[in-house]
Amino acid sequence: MGKIEAETAYYRLVAERAERMAGPGRAMQIVGDHLLSGVLAEVAAECEGQDERWSEQNHPDGTGGEWYERRAAQAHRDFQLAGDDPDIGSRWALILEEEVYEALAETDPVKLRAELVQVAVVAVAWAGAIDRRTADKEES
């Protein structure tokens with residue numbers, strides 16, 4: 001089996017697993033239409049692996065409070081300062097740090113969930129950027 005066939009089989013398996021979790025038609029839309037389907041497939045597989053290892057997790061959120069609020073404000077300032085500095089610029093680490101601390105500062109469940117989705121989006125985008133960088137080097 002060649003690389004393309006193996007990747008296709010892998011994505012099909014992940015999509016089938018995601019289909020069972022997300023419902024008919026939904027998983028293929030998520031996995032098939034997104035440029036980062038490889039990263040999303042790995043995330044889905046990791047979720048399944050963690051569920052198998054630890055079963056369902058239901059911990060308290062542990063968010064909110066003055067320390068997280070201050071840290072979120074500082075992370076935002078750091079990100080802005082870095083973006084204004086041509087020698088530093090935006091960095092994935094700073095973007096993710098800002099999103100993580102925004103989530104940790106949040107206590108409202110609806111807003112916390114939205115912030116956690118933003119954390120996930122940045123993490124997936126960062127992993128995709130690494131994949132693109134790696135692929136570009138392999139093609140050179």
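- Checked options Q74, E98, E99, E97; the residue passing with F79 is E98 (criterion: side-chain contact (heavy atoms from CB on, under 4.5 Å)).
- With respect to Q50, the side chain to side chain donor-acceptor pair (under 3.5 Å) criterion is satisfied by exactly one of E48, E46, E52, R53: E46.
- Within the structure, salt bridge (Lys or Arg N to Asp or Glu O under 4.0 Å) pairs that include any residue of residues 101-117 do not occur (at least two apart or interchain).
- The closest side-chain donor-acceptor pair between N58 and E56 falls under 3.5 angstrom.
- A continuous path of Ile, Leu, Val, Met, Phe, Trp and Tyr side chains, each step under 4.5 Å between heavy atoms, connects V100 with V122, placing both in one hydrophobic cluster.
- Hydrophobic clustering, with ILVMFWY side chains joined whenever heavy atoms are under 4.5 angstrom apart, groups L96 together with Y101.
- In the hydrophobic cluster analysis, where Ile, Leu, Val, Met, Phe, Trp and Tyr join through side-chain heavy atoms closer than 4.5 angstrom, I130 is grouped together with I95.
- Pairs of residues two or more places apart, or lying in two chains, that qualify as side chain to side chain donor-acceptor pair (under 3.5 Å) and include a residue from residues 59-70 are Q57-H59, E66-R70.
- Taken from CG in L116 to CD in Q118, the straight-line distance is 9.5 Å, to the nearest 0.5 Å.
- Between A125 and W92, the shortest heavy-atom distance links the atoms CB-CH2, 3.6 Å.
- What you find for V39 and A127 is that their closest heavy atoms are CG1-CB, 3.8 Å.
- Under the 4.5 Å side-chain criterion, counting only non-hydrogen atoms from C-beta, L94 is in contact with R91.
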